[in-house]
Structure formats: C-alpha cells, structure tokens
**Q** 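Handing you a structure now.
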2 protein chains.
Amino acid sequence: MGMSKGAETKEAIIREALKTASVEGIDGLTIGNLATKLKMSKSGLFAHFGSKEALQEAVMDTAARRFLDAVWVPAKAEPRGLPRLRALYRNWQEWMLHNPDLPGGCVLTSAATALDDKPGPVRDRLVSMQKEWQATIAKAIELAVREGHFRADLDCEQFAFELNGILLNLTFHQRLLRDRQAAERCSTAFEALVSRAASRTAQAA
Amino acid sequence: MGMSKGAETKEAIIREALKTASVEGIDGLTIGNLATKLKMSKSGLFAHFGSKEALQEAVMDTAARRFLDAVWVPAKAEPRGLPRLRALYRNWQEWMLHNPDLPGGCVLTSAATALDDKPGPVRDRLVSMQKEWQATIAKAIELAVREGHFRADLDCEQFAFELNGILLNLTFHQRLLRDRQAAERCSTAFEALVSRAASRTAQAA
DNA sequence: TGACAATTAGTACGACCGTTCGTATTTTAT
DNA sequence: ATAAAATACGAACGGTCGTACTAATTGTCA
C-alpha cells in the first residue's frame with residue numbers, strides 16, 4: 001500500500017503546477033487552467049489546497065526540494081573543497097539550462113523578481129530558502145579554505161554572493177537573450193572567481 | 001504652446017503605469033486599476049493606447065529612455081576609459097537602488113524574467129533594448145582598452161557580460177533578501193572585475 | 001463665436017478569476 | 001459487503017479582466 005488516492009493526485013497537481021509556473025511564473029498559476037490540463041474540475045482541484053496561496057506554497061516547496069536533490073545532494077558526494085564546489089557549479093548550471101520538467105526555467109529564480117515586492121507567506125518561504133542556499137554555498141566554500149584550496153583570508157560570503165550572480169546572469173542571457181555563449185561565459189566567470197579565491201596575493205574578494 | 005491635452009494625460013498615464021509596473025511587474029498592469037489611480041474612466045484611459053499591449057510597449061519605451069538618461073548620458077560626459085566606466089557602474093547601481101519614481105525597482109529587470117517565455121512585441125522590444133545596452137557597455141570597455149587602462153587582449157563582451165551579472169545580483173540581494181551589504185558586495189565584485197581586466201598577467205577574462 | 005476634431009465618460013459584453021456549497025462518486029477500513 | 005470517510009464534481013457567486021460601442025464633453029482653430 002503506497003500513497004492514498006488523494007496524495008497521488010495532489011502530487012500530480014503540483015507536478016503540473018510546477019511546469020506551468022516555470023513558464024507563466026508563480027503568479028501566472030490559475031486553478032482553472034490547471035484543472036483543465038489535468039482533466040479535473042476546478043473545485044476538485046481546489047479542495048486539495050483550500051486556497052491559491054497554499055497551492056503556491058506547495059509549488060515553492062517542491063521546487064526547492066527538487067533543486068536541492070539535483071544540485072546539492074550529488075555535489076555533497078564529491079570530495080570536500082574545490083571538487084565539491086566545481087560539482088556544485090556544474091550541477092547548478094545544468095539545472096538552469098536543461099530541465100525537462102521545468103520548460104520555462106527555474107521557478108525560484110523567476111519568483112525572486114516576481115515576489116520581491118509582494119509580502120506574504122509565499123515570499124517569506126522563498127526568502128528563507130534563498131538565504132539557506134546562500135549559507136549552504138558559503139559553507140562549501142569554507143571547506144575549500146580549510147582544505148587549503150583557497151587562501152585563508154577569503155571572504156566566503158562574498159564568494160557565495162558572486163557565485164549567485166553568475167547563475168542569475170546565466171538565466172538572463174540564456175532565457176531572455178537566447179545567447180548561445182552564455183554557459184561558456186559563465187564558466188569563464190566561475191573559473192575567474194575560483195582563481196581569484198586561490199591566489200595568495202592580497203586581493204579584495 | 002506646449003503639448004496637446006491628450007499628450008499630457010497620456011504622459012501622466014505612462015508615469016503612473018511605470019510606477020505600478022515597478023511594483024506589480026509589467027504583467028501586473030491593469031487598465032482598471034490604472035484608471036482608478038488617475039481618477040479617469042477605464043474607457044477614457046484605454047482610448048489612448050487601443051490595447052493593453054500597446055500600453056505595455058509605451059511603458060517599456062519610457063523605462064528604457066529614463067534608464068539611459070540617468071545611467072548612460074551622465075557617464076558619457078566623463079573622460080573615456082576607466083573613469084567613464086566607473087561612472088557608468090556608479091549610476092547603474094544608483095538607478096537600481098534609489099529611484100523614487102520606481103518604488104519596486106527597475107522595470108526592465110523584472111520584465112526580463114517575466115517575459116523570457118512570452119513571445120510578442122513587448123518581449124521583442126525588451127530583448128533589443130537589452131542587447132543594445134550590452135553593446136553599449138562593451139564599447140565603453142573597448143575605449144578603456146584603447147586608452148591603455150585595460151590590457152589589449154581583454155574580452156570586452158565577457159566583461160560586459162559579467163558586469164550585467166553584478167547588477168542583476170544587486171537587485172536580487174537588495175530587493176528580495178533585503179541584504180544591507182548588497183551594494184558594498186557588488187562594488188567589491190566590480191573592482192575585482194576591473195583589476196582583472198587591468199592586470200597584464202594572462203588570464204581568461 | 002461657431003464648427004469641427006480630439007478627448008473623456010458611460011455602459012455593456014464575454015471570459016476568466018478564486019471561492020463556496022451541496023451532492024455524487026469513489027476509496028478505505030471494518 | 002457495508003458503513004464511514006475521503007475525494008471529486010457541477011453549478012453558482014461576486015469580481016475583475018480587456019475591449020467594443022455610443023454619447024457627452026472638452027479643446028482647438030478659422
């Protein structure tokens with residue numbers, strides 16, 4: 001005996017909602033549209049969540065879980081320090097570019113600009129996710145310092161900060177401008193960031 | 001004799017629409033809401049544009065014009081090369097952070113993620129604006145090479161690419177995470193970018 | 001000032017929104 | 001198999017959306 005019937009359809013709803021939110025944005029989700037795609041009634045779908053906001057929260061949670069499973073979990077399996085960091089970057093880039101389940105790109109990324117001025121539980125959830133992610137990256141970088149891959153006085157949060165910018169920029173150039181060189185340029189930027197962190201010469205970083 | 005009455009109200013509409021789009025996003029614009037704020041009828045406002053899409057196009061055009069006036073025009077007055085580039089960065093950062101007319105941040109930035117999967121004239125306009133802007137930056141960097149401020153083999157488009165990422169990241173950390181150190185971190189990243197471009201040691205950039 | 005054009009208002013439309021409610025159906029557990 | 005509980009449906013609600021019309025008002029210029 002696996003899931004109850006209700007849990008199964010709820011999962012199917014969220015799966016479809018994620019795909020839609022990827023293209024239309026988290027605010028572009030509508031109950032009716034979703035119900036049509038899943039061939040069920042509006043009210044039947046609605047009953048699983050009780051409100052549109054709750055649906056959005058569920059979508060965000062699932063998006064975060066999938067992101068961590070695809071990007072962080074496999075990276076954590078790599079040896080700590082630079083190898084793990086490189087894996088993290090590689091997986092993250094891959095997540096941004098090629099994700100069959102998210103044809104419109106990363107939901108959390110588009111939500112970041114869509115929700116930045118819209119207070120509420122959905123925004124709150126997103127903010128705490130992003131802060132946690134930034135902290136996770138920073139810790140991975142600290143390990144690289146401890147391993148001796150990076151210089152001891154490196155500002156790890158600054159590194160994490162800039163790394164985030166590279167991936168934001170990747171989405172921008174890839175998805176909006178359809179720049180074929182975007183991934184390559186981002187890899188270049190990442191390598192520059194790494195070599196800046198490795199160099200012993202005093203340099204603000 | 002200045003503008004006709006119609007042109008004046010049209011300008012007022014766009015001004016208000018820009019403010020709204022800054023907070024709600026370019027897709028969050030609605031004729032009714034806008035009409036209420038300006039104390040006019042929906043139909044009266046609508047008549048100025050003929051369609052919602054045309055209103056959005058007008059908003060995007062105005063947003064771009066204002067951006068260039070605030071960021072590029074004053075930078076162009078600085079001596080070419082590094083000084084001009086620094087002014088460009090300073091003005092750009094200022095535009096992203098403190099803009100009384102755009103309480104929700106840069107409209108073109110939020111539109112970039114909102115429209116990346118929504119084909120149409122509004123998206124087309126945004127794309128060409130962003131490409132032009134990237135080209136403008138690249139040219140300013142080329143001048144810095146010619147002036148001898150940057151090394152001769154610098155990849156100017158790569159520099160422009162990364163610069164864009166810094167400003168995207170600024171918006172992200174400032175507007176979503178409310179990170180007080182965001183501006184400082186971006187300045188640090190910018191200076192690192194500059195020093196990387198200036199150093200004669202061969203380094204992929 | 002009078003006539004004409006430009007601008008605004010008013011009303012209505014069909015479509016879709018999130019949500020509620022009563023009812024039917026199906027799953028689950030005894 | 002049967003009773004209870006979970007799940008899904010259909011219809012309807014009040015709203016808002018963009019847009020199309022006509023009518024009234026206002027600005028413009030000979």
Side-chain angles (χ1 to χ4, degrees), chain A residues 1-21 23-60 111 114-115 117-123 125, chain B residues 1-60 111 114-115 118-123 125:
Chain A
M1 50 155 296
M3 272 181 298
S4 66
K5 179 73 197 307
E8 265 180 29
T9 55
K10 188 164 182 172
E11 201 173 73
I13 293 171
I14 294 178
R15 195 180 316 131
E16 190 64 40
L18 252 172
K19 200 185 298 182
T20 302
V23 176
E24 308 285 341
I26 190 76
D27 278 335
L29 282 178
T30 71
I31 313 273
N33 188 349
L34 218 45
T36 303
K37 285 184 185 170
L38 291 163
K39 291 177 185 173
M40 49 185 302
S41 65
K42 262 172 62 171
S43 53
L45 192 151
F46 180 85
H48 282 273
F49 303 93
S51 75
K52 183 184 176 178
E53 213 171 44
L55 165 63
Q56 289 176 323
E57 292 183 47
V59 167
M60 301 277 295
L115 300 182
D117 281 306
K118 300 188 177 168
V122 187
R123 195 199 116 101
R125 247 181 171 77
Chain B
M1 53 159 301
M3 275 182 298
S4 66
K5 179 76 196 305
E8 266 180 29
T9 56
K10 187 164 182 173
E11 201 173 72
I13 293 172
I14 293 178
R15 195 180 316 131
E16 189 65 40
L18 252 172
K19 200 185 299 183
T20 303
S22 166
V23 175
E24 307 286 340
I26 191 74
D27 279 336
L29 282 177
T30 70
I31 313 275
N33 188 349
L34 218 45
T36 303
K37 284 184 185 171
L38 291 162
K39 292 177 184 173
M40 45 183 306
S41 65
K42 259 172 68 170
S43 52
L45 193 153
F46 181 84
H48 282 273
F49 302 94
S51 75
K52 183 183 176 177
E53 212 171 43
L55 165 65
Q56 289 175 323
E57 292 183 47
V59 167
M60 300 278 295
L115 300 182
K118 299 187 178 170
V122 187
R123 194 199 117 103
R125 246 182 173 76

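Here is how names work: the chains are called A, B, and so on, in the same order as the sequence lines, proteins then strands, and each is numbered from 1. Remember, predicted model here, so these are calculated numbers, not experimental data.
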**Q** Check side-chain hydrogen bond (donor to acceptor under 3.5 Å, both in side chains) between A:Glu24 and all other residues, then give those that pass, not counting sequence neighbours.
**A** none
**Q** A:Gln56 side chain to A:Ile26 main-chain N or O, any donor-acceptor pair under 3.5 Å?
**A** yes
**Q** For DNA chain D, which residues in residues 33-51 of chain B have a heavy atom at a distance below 4.0 Å?
**A** B:Lys42, B:Ser43, B:Phe46, B:Ser51
**Q** Looking only at non-hydrogen atoms, find the nearest pair between B:Ser22 and A:Asp117 and report the distance.
**A** O-OD2, 4.1 Å
**Q** Can you name the side-chain contact (heavy atoms from CB on, under 4.5 Å) partners of A:Ala54, sequence neighbours left out?
**A** A:Phe49, A:Ser51
**Q** Which residues satisfy the side-chain contact (heavy atoms from CB on, under 4.5 Å) test with B:Ala7, sequence neighbours excluded?
**A** B:Met3, B:Ser4
**Q** If you take any heavy atom closer than 4.0 Å to DNA chain D, which residues from residues 18-31 of chain B end up in contact?
**A** B:Leu29, B:Thr30, B:Ile31
**Q** Please state how far atom NZ in B:Lys52 lies from atom P in D:dC17, giving the value in whole angstrom units.
**A** 9 Å
**Q** In whole angstrom, give the distance that lies between atom CE of A:Met3 and atom P of C:dT28.
**A** 11 Å
**Q** Anything under 3.5 Å between a protein N or O and an N or O of nucleotides 24-27 of chain D, put it in a table, one pair a line.
**A**
none

**Q** Side-chain atoms of residues 27-35 of chain A: list all donor-acceptor pairs with protein atoms under 3.5 Å, sequence neighbours left out, distances to 0.1 Å.
**A**
{"from": "A:Asp27", "atom 1": "OD2", "to": "A:Lys118", "atom 2": "NZ", "distance (Å)": "3.1"}
{"from": "A:Thr30", "atom 1": "OG1", "to": "A:Asn33", "atom 2": "N", "distance (Å)": "3.3"}

**Q** Side chain to side chain donor-acceptor pair (under 3.5 Å): which pairs involve residues 7-21 of chain B, sequence neighbours left out?
**A** B:Thr9-B:His48, B:Thr20-B:Lys37
**Q** Which heavy atom in A:Leu55 sits nearest to a heavy atom in A:Ala17, and how many Å separate them?
**A** CD1-CB, 4.3 Å
**Q** Can you list every salt bridge (Lys or Arg N to Asp or Glu O under 4.0 Å) pair that touches residues 38-55 of chain A, not counting sequence neighbours?
**A** none
**Q** Can you sort out the partners of B:Arg123 under side-chain hydrogen bond (donor to acceptor under 3.5 Å, both in side chains), two or more places apart, ordered by chain and number?
**A** none
**Q** Between B:Lys10 (NZ) and C:dA6 (P), how many Å, whole number?
**A** 14 Å
